[in-house]
A.B. asks: 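Could you have a look at this structure, given as structure tokens, before my questions?
Computed from a prediction, not measured in an experiment: that's the story for all the values here.
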Amino acid sequence: GNQGVHGINMSLGSRYPDPYIHDAIKRLEQAGIAVFAAAGNSGPGANTGEFPGEWPEGLAEVAAVDSNLLVASFSSRSVNLDVAAPGVSNLSSVPTGSCSLCDPTGYRRLSGTSMATPHTAGVGALLMSRGLTNVGARARIQDTAVDLPPAGKEWLTGCGRVDALRAVDNVGAPCGEAPP
């Protein structure tokens, strides 16, 4: 079985596809496990996300937006983006030891699509706890995302900003369509 695992947050990425990781993600998807992956932090120049986010399995390609709901300057652009979530200056727990990421308080403000992806994974877990499958949760997250300018699914923020309340209440319209 899946040992009680229903979703995986993958705040990681590479510009180079690894067939072994892709095979593992396909198997996770087939087992009903939702996979959430960061789009990457290559900014506008690359015009492509990172792997595993670029693969169609799971809920991949989460972009980052700031507190003004503008796409973060570092967030990778891709036609495969699914959604965006807050990813600029997020308070995060970090190790307290001696390292480049460490802080004696145990907390730091961090930015990146790796900070945005857990927001989406959390909404996915909430939806799956309410009986949706991994595929159903993905569709619900996309269809209830708050559309950000320019309108429609596009290469900056996908279907829009993840919205937990709209997802639970199923308020929205298929990605790229105007709400009723």
Side-chain angles (χ1 to χ4, degrees), residues 2-16 18 20-21 24-25 28-29 31 33-46 49-55 57-78 81-130 132 134 137-138 140-142 144-146 148 156-168:
N2 63 9
Q3 304 299 312
V5 174
H6 300 284
I8 296 174
N9 178 78
M10 298 186 80
S11 287
L12 54 87
S14 171
R15 308 280 286 152
Y16 307 102
D18 182 315
Y20 298 106
I21 293 175
I25 289 172
L28 290 167
E29 172 85 1
I33 297 172
V35 179
F36 304 88
N41 301 319
S42 299
E50 294 184 358
F51 295 94
E54 281 288 294
W55 290 315
E57 296 80 19
L59 181 68
E61 294 279 51
V62 180
V65 292
D66 64 18
S67 59
N68 295 315
L69 301 180
L70 298 173
V71 67
S73 61
F74 55 78
S75 190
S76 293
R77 278 64 165 162
S78 172
L81 285 173
D82 288 304
V83 291
V88 178
S89 196
N90 294 12
L91 189 61
S92 181
S93 58
V94 296
T96 57
S98 177
C99 67
S100 62
L101 187 64
C102 294
D103 188 279
T105 66
Y107 298 95
R108 274 185 64 192
R109 291 201 174 273
L110 300 172
S111 297
T113 58
S114 289
M115 299 303 293
T117 305
H119 290 282
T120 307
V123 174
L126 178 63
L127 294 174
M128 290 179 75
S129 77
R130 298 174 67 89
L132 272 71
N134 58 334
R138 174 186 181 148
R140 175 81 60 90
I141 288 168
Q142 291 174 321
T144 60
V146 176
L148 299 174
L156 290 173
T157 59
C159 295
R161 180 189 45 81
V162 172
D163 188 303
L165 182 59
R166 285 170 53 111
V168 168

A.B. asks: Check whether any side-chain heavy atom of Thr144 sits under 4.5 Å from a side-chain heavy atom of Val123, and report yes or no.
C.D. replies: no
A.B. asks: What's the spacing between Leu110 CG and Leu91 CG if we round to 0.5 Å?
C.D. replies: 8.5 Å
A.B. asks: What distance do Leu126 atom CG and Arg140 atom CZ have between them, rounded to the nearest 0.5 Å?
C.D. replies: 10.0 Å
A.B. asks: Looking at Leu127 and Ala167, what are the two nearest heavy atoms and their distance?
C.D. replies: CD2-O, 3.6 Å
A.B. asks: So, the side chain of Ser76 versus the backbone of Ser42: is there a donor-acceptor pair under 3.5 Å, distance only?
C.D. replies: yes
A.B. asks: Under the criterion side-chain contact (heavy atoms from CB on, under 4.5 Å), I'd like the reasoning laid out for Val71 against Arg77: C-alpha separation, chi angles, the key distance, then a yes or no.
C.D. replies: CA-CA 9 Å; Val71 67; Arg77 278 64 165 162; 3.9 Å; yes
A.B. asks: Looking at Arg161 and Val146, would you say the former's side chain and the latter's main chain have a donor-acceptor pair under 3.5 Å?
C.D. replies: no
A.B. asks: Shortest non-hydrogen contact from Cys159 to Ala145?
C.D. replies: O-CB, 3.7 Å
A.B. asks: Looking only at non-hydrogen atoms, find the nearest pair between Ala84 and Val65 and report the distance.
C.D. replies: CB-CG1, 3.7 Å
A.B. asks: Taking the side chain from Ser111 and the backbone from Ser89, do they hold a donor-acceptor pair closer than 3.5 Å?
C.D. replies: yes
A.B. asks: Is a side-chain N or O of Ser14 found less than 3.5 angstrom from the main chain of Phe51, in a donor-acceptor match?
C.D. replies: no
A.B. asks: Nearest 0.5 Å, what's the CD-CG distance between Glu50 and Asn41?
C.D. replies: 6.5 Å
A.B. asks: Does any N or O in the side chain of Thr113 come within less than 3.5 Å of the main-chain N or O of Ala38, such that one atom is a donor and the other an acceptor?
C.D. replies: no
A.B. asks: Judged by atom type as modelled, is there a donor-acceptor pair below 3.5 Å linking the side chain of Asn68 to the main-chain atoms of Leu70?
C.D. replies: no
A.B. asks: For a quick test of reading the model, state the closest non-hydrogen atom pair linking Phe74 to Ala64 and the distance between them.
C.D. replies: CE1-CB, 3.8 Å
A.B. asks: Under a 3.5 Å distance rule, please check whether Arg108 uses its side chain to pair with a backbone N or O of Leu101 as donor and acceptor.
C.D. replies: yes
A.B. asks: Is the side chain of Arg166 donor-acceptor paired with the backbone N or O of Ala164 at a distance under 3.5 Å, no angle test?
C.D. replies: no
A.B. asks: Which value, rounded to the nearest 0.5 Å, describes the distance between Ile33 atom CD1 and Met128 atom CE?
C.D. replies: 8.0 Å
A.B. asks: Which atoms form the tightest heavy-atom contact between Ser114 and Pro118, and what is the distance?
C.D. replies: O-CD, 3.1 Å
A.B. asks: Using the side-chain contact (heavy atoms from CB on, under 4.5 Å) rule, take Trp55 and Ile25 through it: C-alpha gap first, then chi angles, then the decisive distance, then the call.
C.D. replies: CA-CA 9 Å; Trp55 290 315; Ile25 289 172; 4.0 Å; yes
A.B. asks: Under a 4.5 Å cut-off applied to non-hydrogen side-chain atoms, are Leu156 and Ser75 in contact?
C.D. replies: no
A.B. asks: Between Glu29 and Asn134, is there a side-chain heavy-atom distance shorter than 4.5 Å?
C.D. replies: yes
A.B. asks: Which residue, Val83, Asn9, Asp82, forms the side-chain contact (heavy atoms from CB on, under 4.5 Å) with Thr120?
C.D. replies: Val83
A.B. asks: CG of Leu28 to CE of Met10: how many Å apart, nearest 0.5 Å?
C.D. replies: 8.0 Å
A.B. asks: Which heavy-atom pair separates Val94 from Cys102 by the least distance, and what is that distance?
C.D. replies: CG2-C, 4.3 Å
A.B. asks: In terms of side-chain heavy atoms, does Asn90 have a donor or acceptor partner in Ser92 at a distance below 3.5 Å?
C.D. replies: no
A.B. asks: Would you say His119 and Val162 make side-chain contact, with heavy atoms under 4.5 Å?
C.D. replies: no
